[in-house]
Amino acid sequence: MSNVTSVINPATEATIAETPIQGVDEVDAAVARSLGAGPAWRAMAPADRARLMRRFAAQVEEHGEELAQLETANVGKAIGESRDEVGMVAEVLYFYAGAVDKHRGATVPVAGGVDMTFHEPLGVVAAIVPWNFPIAITSWKVGPALATGNTIIVKPAEITPLTALRLADLALDAGIPEGVLQVVTGKGSVIGTRLSEHPDVAKVAFTGSTEVGREVMARASGTIKRVTLELGGKSASVIFANADLERAAAATPGGVFANAGQDCCARSRVLVQRPVFERYLGLLADAVDAWTVGDPTDPAIKMGPMVTEAHRKVVAGYLAEGMGEPGGGPVPTHTSGRVPDGPGFWFPPTVVAPAGVDWRMDREEIFGPVVAVIPFEDEEEAVRLANDTPYGLSGTIWTRDGARSLRMARAVQAGNLSVNSNSSVRVQTSFGGMKQSGFGRELGLEALASYSDVKNVFVSTDG
Ligand code: NAD
């Protein structure tokens, strides 16, 4: 049996690298190195730890184009997106470098003494990362983990390990000590499960599907590990009749087809108030036509291929007839229709309208460039439809009515909502889900809390 995995470029189907399939022994060795590196990392003067993290960020900036090209070659994402994501990685590392000596405890007024709190590092953190945003999501876990004095082991998805491996090299080049940041490669079912169960791993920071997240949580319970789960989504964009319809329609492709729809925040359900439904569809068709599909290294291209052929088939399955929807299956009213010939796992941006609210494609996370457009009558129905999903990750409200935008933002059950914008992720603000989209928050200052335990110390001042 081969002990390497071939890493495939989804736009060319060429093998671009081979990475080791590591097993339980290698994970155990990595955990031992991580444990060994912990005490010195924790004891380092905060200003020195911050300096090393800034050097790490500078390395990422210096190698930004190389990392972006590597991400595009491995994931197939448009190069503009990869450049933005690598830019974000540097920003994340600078942000958390700045937090090292600012994540303070408190003194608490009590009787009989002085009470104070400390944010103690947890120890060894395992980061389990999906294939859709490999380098960005790695940094969301590495930044706060290192800033709070933990050591970390990253397990990238088996099919997209290349940028995480390069990131670990750059950390060493920056002077971050051996063992503080490691990457293990191999199957989730073997090394992901080992990390989730390992008695010396204190926390699992998991991003991936709800199904695997459930399993990670169950395994982690054996040793009461801290767990954060960033899981799937089925987010809605709600467009009211008084919205800037041109702007909402022009923004729709970016909200659902970015990263070829392989985005946990994809607004894959667009709810449109009935009086403007037809006009919106007309505007959307133009916007979808402009959403070009092709060679992801071409900066003019908006969308690359699906990550694998197997995933392309899964996405196509939602559009096949006879999938159980009433009436025998949805028929797309519009597709861009222009995907390259030849190699590559291409799939056209696809609009289905009007889609039924009980269709499989409206209930499940498709994770591809397919959007279901559904009419609604009033605000009450919009809230009901937006919340009619087990997920609660993100969403958008399009309206010019300020009071309505706030009512909607409070009523929709999702961790990250935007008004008149599809942006969900910023370094400075917290990111995470409600309901079965998970719990815990990444990014922002909030992430620091989930990589540390609060210790309370009471010092008696009696006699
Ligand atoms: P996945 O759940 O299949 O895999 C995620 C990671 O878990 C991979 O590294 C995989 O190797 C590992 N893994 C697989 N089985 C495991 C097991 N039994 N124990 C431990 N680890 C295991 O997800 P994916 O297909 O890589 O990514 C797509 C999913 O990720 C989508 O559902 C998407 O919504 C979700 N996602 C969520 C967010 C978020 O922040 N909420 C962000 C990106 C992606």
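Position 1 is the first residue of the sequence, and the numbers go up from there. Ligands are counted one by one from 1 in listed order, and the atoms in each one are counted from 1 as well.
- Residue Glu211 places its CD atom among 12 or fewer non-hydrogen atoms of other residues, nucleotides or ligands, all under 6.0 Å distant.
- Those atoms of ligand 1 that come under 4.0 Å of a heavy atom in Thr193, given as number and element, are 17 (C), 18 (N), 19 (N), 20 (C).
- Protein heavy atom in closest approach to atom 15 (N) of ligand 1: Val212 CG1, 3.6 Å.
- The option from Lys155, Glu158, Glu230 that lies nearest to atom 10 (C) of ligand 1, judged by heavy atoms, is Lys155.
- Heavy-atom contacts of Trp131 reach the following atoms of ligand 1: 24 (P), 25 (O), 26 (O), 27 (O) (cutoff under 4.0 Å).
- Residue Glu178 qualifies as open at atom CD: its count of foreign heavy atoms under 6.0 Å is 12 or below.
- Ligand 1 is never approached by Gly438 to a heavy-atom distance shorter than 4.0 Å.
- Of the possible donor and acceptor atoms, none in the side chain of Asn422 sits under 3.5 Å from a partner among the backbone N and O of Gly254.
- Contact between Cys265 and ligand 1 is absent, with no heavy atom of the residue lying under 4.0 Å from the ligand.
- Counting only heavy atoms of the protein, atom 8 (C) of ligand 1 lies nearest to Val129 O, 3.4 Å.
- Gln436 contributes atom CD, which lies 13.0 Å from atom CG of Leu393 (distance to the nearest 0.5 angstrom).
- From the protein, the heavy atom lying nearest to atom 32 (O) of ligand 1 is Glu365 OE1, 2.7 Å.
- Atom NZ of Lys302 sits in a sparse spot, with 12 or fewer heavy atoms from other residues, nucleotides or ligands closer than 6.0 Å.
- Atom 37 (C) of ligand 1 has its closest protein heavy atom at Leu231 O, 3.0 Å.
- Using a 4.0 Å cut-off between heavy atoms, Leu393 contacts ligand 1 through its side chain alone, with no backbone atom that close.
- By the 6.0 Å and 45° rule, Arg441 does not stack over the aromatic ring of Phe431.
- A cation-pi contact links Arg49 to Trp41, judged by a cut-off of 6.0 Å to the six-membered ring centre and 45° from its axis.
- Which of Gly188, Ser209, Pro156 comes nearest to atom 2 (O) of ligand 1 through a heavy atom is settled by distance: it is Ser209.
- Within the structure, ligand 1 lacks Asp263 among the residues with a heavy atom less than 4.0 angstrom away.
- Protein heavy atoms are found less than 4.0 angstrom from atom 23 (O) of ligand 1.
- At most 12 non-hydrogen atoms from other residues, nucleotides or ligands lie less than 6.0 angstrom from NZ of Lys187.
- With ligand atoms numbered from 1 in the order given, ligand 1 contributes 43 (C), 44 (C) to contacts under 4.0 Å with heavy atoms of Asn132.
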